[in-house]
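What follows is one structure encoded as structure tokens, with my remarks underneath.
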Amino acid sequence: MTCLPESFYQQEVVLVARQLLGMRLVRKISGKRVAGIIVEAEAYRGEEDLACHAHVGKTHRNAVMYGKAGRAYVYFTYGMHWMLNVVTGPEGFPAAVLIRAIRPTEGIEEIQTRRAGRPEKEWCSGPARICKALDIDGSLNGSALIDDESSLWIEEASPVFDNQILTSPRIGLGNTPEPWKSKLWRFVIDRKEMKRP
DNA sequence: CGCCCGATGTGCT
DNA sequence: GCACATCGGGCGT
């Protein structure tokens with residue numbers, strides 16, 4: 001296992017969100033690999049971005065986003081859901097990528113158990129579903145994704161060409177003002193387009 | 001499949 | 001007190 005280095009995460013957050021598509025998110029659960037290819041991700045960028053949790057300034061909740069790149073920012077919302085983000089950019093500048101969907105590739109039995117009773121298509125399509133499927137919660141908030149001690153990291157898999165990628169506004173920003181609401185900071189692998197350039 | 005709505009805890013004003 | 005980077009069940013098409 002070769003996890004992505006800190007230098008990867010130190011890049012501009014929108015670029016990192018794009019680059020994460022096609023990479024493999026790996027979680028180790030009692031010694032076993034549970035993993036999937038990242039197929040959807042969104043960038044949240046600085047205090048200026050009114051959709052970003054950091055728009056209210058630094059607080060206890062969002063403090064990890066202000067820290068070093070390559071850490072997990074895991075937060076709780078809607079009274080029941082965990083969300084996984086990866087911190088990017090220089091220390092002190094709050095930015096992170098929300099992992100919104102993966103395509104499971106390893107540890108399918110573990111995922112199936114954790115997502116019992118739901119259709120396979122819904123196992124890991126959605127930020128809270130990923131956390132449920134991979135047993136990710138607040139205990140991983142602030143943890144490094146870039147060392148071998150970790151039980152959560154991202155590794156290279158297969159590159160994704162630009163013509164396989166769709167962009168759109170970020171999901172779920174109901175009350176967020178423009179221009180933030182319309183920023184094309186959501187990246188998705190187009191399931192239909194499997195051609196090479 | 002789509003739309004609607006309730007669930008349910010916490011951070012921040 | 002309220003908004004929230006959501007999900008799943010219920011019901012109509």
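Note that these values count all heavy atoms, side chains included, but never hydrogens, waters or copies made by symmetry. These numbers were taken from a predicted model, which means no experiment stands behind them. Quick note on labels: first sequence line is chain A, next is B, and so on, each numbered from 1.
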Measure the distance from [atom1] on [X] to [atom2] on [N] and round it to the nearest whole Å.
X: A:Glu122; N: C:dT6; atom1: CD; atom2: P; result: 15 Å
X: A:Asn175; N: C:dC2; atom1: CG; atom2: C1'; result: 11 Å
X: A:Lys121; N: C:dG8; atom1: NZ; atom2: C1'; result: 17 Å
X: A:Tyr73; N: B:dG11; atom1: OH; atom2: P; result: 10 Å
X: A:Ile171; N: C:dC7; atom1: CD1; atom2: P; result: 10 Å
X: A:Asp49; N: C:dA5; atom1: CG; atom2: P; result: 11 Å
X: A:Glu40; N: C:dA5; atom1: CD; atom2: P; result: 16 Å
X: A:Asn62; N: B:dG11; atom1: CG; atom2: P; result: 11 Å

Please state whether the phosphate of [N], meaning OP1 or OP2, lies under 4.0 angstrom from any side-chain nitrogen or oxygen of [X].
X: A:Arg45; N: C:dA5; result: no
X: A:Arg186; N: C:dA5; result: no
X: A:His60; N: B:dG11; result: no

Margin query: Assuming nearest nucleotide by heavy-atom distance, tell me which of A:Arg115 and A:Glu42 is located more 5' along DNA chain C.
Written below: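 Its nearest nucleotide being more 5', the pick is A:Glu42.
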Check: When you match A:Thr176 and A:Ala128 each to their closest nucleotide on DNA chain C, which lands nearer the 5' end?
Finding: A:Thr176
If you look at every strand shown and take non-hydrogen atoms under 4.0 Å, does [X] touch a base, only sugar-phosphate, or nothing?
X: A:Ala51; result: base
X: A:Leu98; result: base
X: A:Arg170; result: nothing

Approximate separation, where rounding is to 0.5 Å, of [X] [atom1] and [Y] [atom2]:
X: A:Ser168; Y: A:Trp185; atom1: OG; atom2: CH2; result: 13.5 Å
X: A:Ile38; Y: A:Leu20; atom1: CD1; atom2: CG; result: 5.0 Å
X: A:Ile146; Y: A:Gln10; atom1: CD1; atom2: CD; result: 8.0 Å

Within the distance-only criterion (no hydrogens, no angle test), does the side chain of [X] pair as donor or acceptor with the backbone N or O of [Y] below 3.5 angstrom?
X: A:Glu109; Y: A:Thr113; value: no
X: A:Arg27; Y: A:Leu134; value: yes
X: A:Arg71; Y: A:Met65; value: no
X: A:Asp147; Y: A:Ser150; value: yes
X: A:Arg24; Y: A:Ala35; value: no

Expected rows: protein N/O vs nucleotides 9-13 of chain C N/O, under 3.5 Å:
none

Item checked: Minimum-distance nucleotide (side-chain atoms of A:Met65 versus C:dA5, B:dC12, C:dC7) ->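 Side chain of A:Met65 sits closest to C:dA5.
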Checklist line | Under-4.0 Å salt bridge between A:Lys32 and A:Glu110 | finding: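 A:Glu110 and A:Lys32: not salt-bridged.
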Next item on the list: State, with a plain yes or no, whether a side-chain heavy atom of A:Ile108 is found less than 4.5 Å away from one of A:Trp123.
Entry: yes
Next item on the list: Provide the closest heavy-atom pair for A:Lys121 versus A:Ser125 in the form atom of the first, atom of the second, distance.
Entry: O-OG, 2.9 Å
Next item on the list: Run the ring-centre check on A:His53 versus A:Tyr75 and record whether the distance is less than 6.0 Å.
Entry: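 Ring-ring flag for A:His53/A:Tyr75: true, centres closer than 6.0 Å.
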Next item on the list: Mind running a 4.0 Å heavy-atom check of residues 74-86 of chain A against DNA chain B and sending the residues that fall below it, in number order?
Entry: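 Heavy-atom contacts with DNA chain B come from A:Phe76, A:Tyr78, A:Gly79, A:Met80.
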Note to self: Dot-bracket for DNA chain C, please. Rules: Watson-Crick or G-U, both distances under 3.5 Å, ( ) within the strand, [ ] when a pair crosses earlier ones, | for another strand, . otherwise.
What the structure shows: ||||.|||||||.
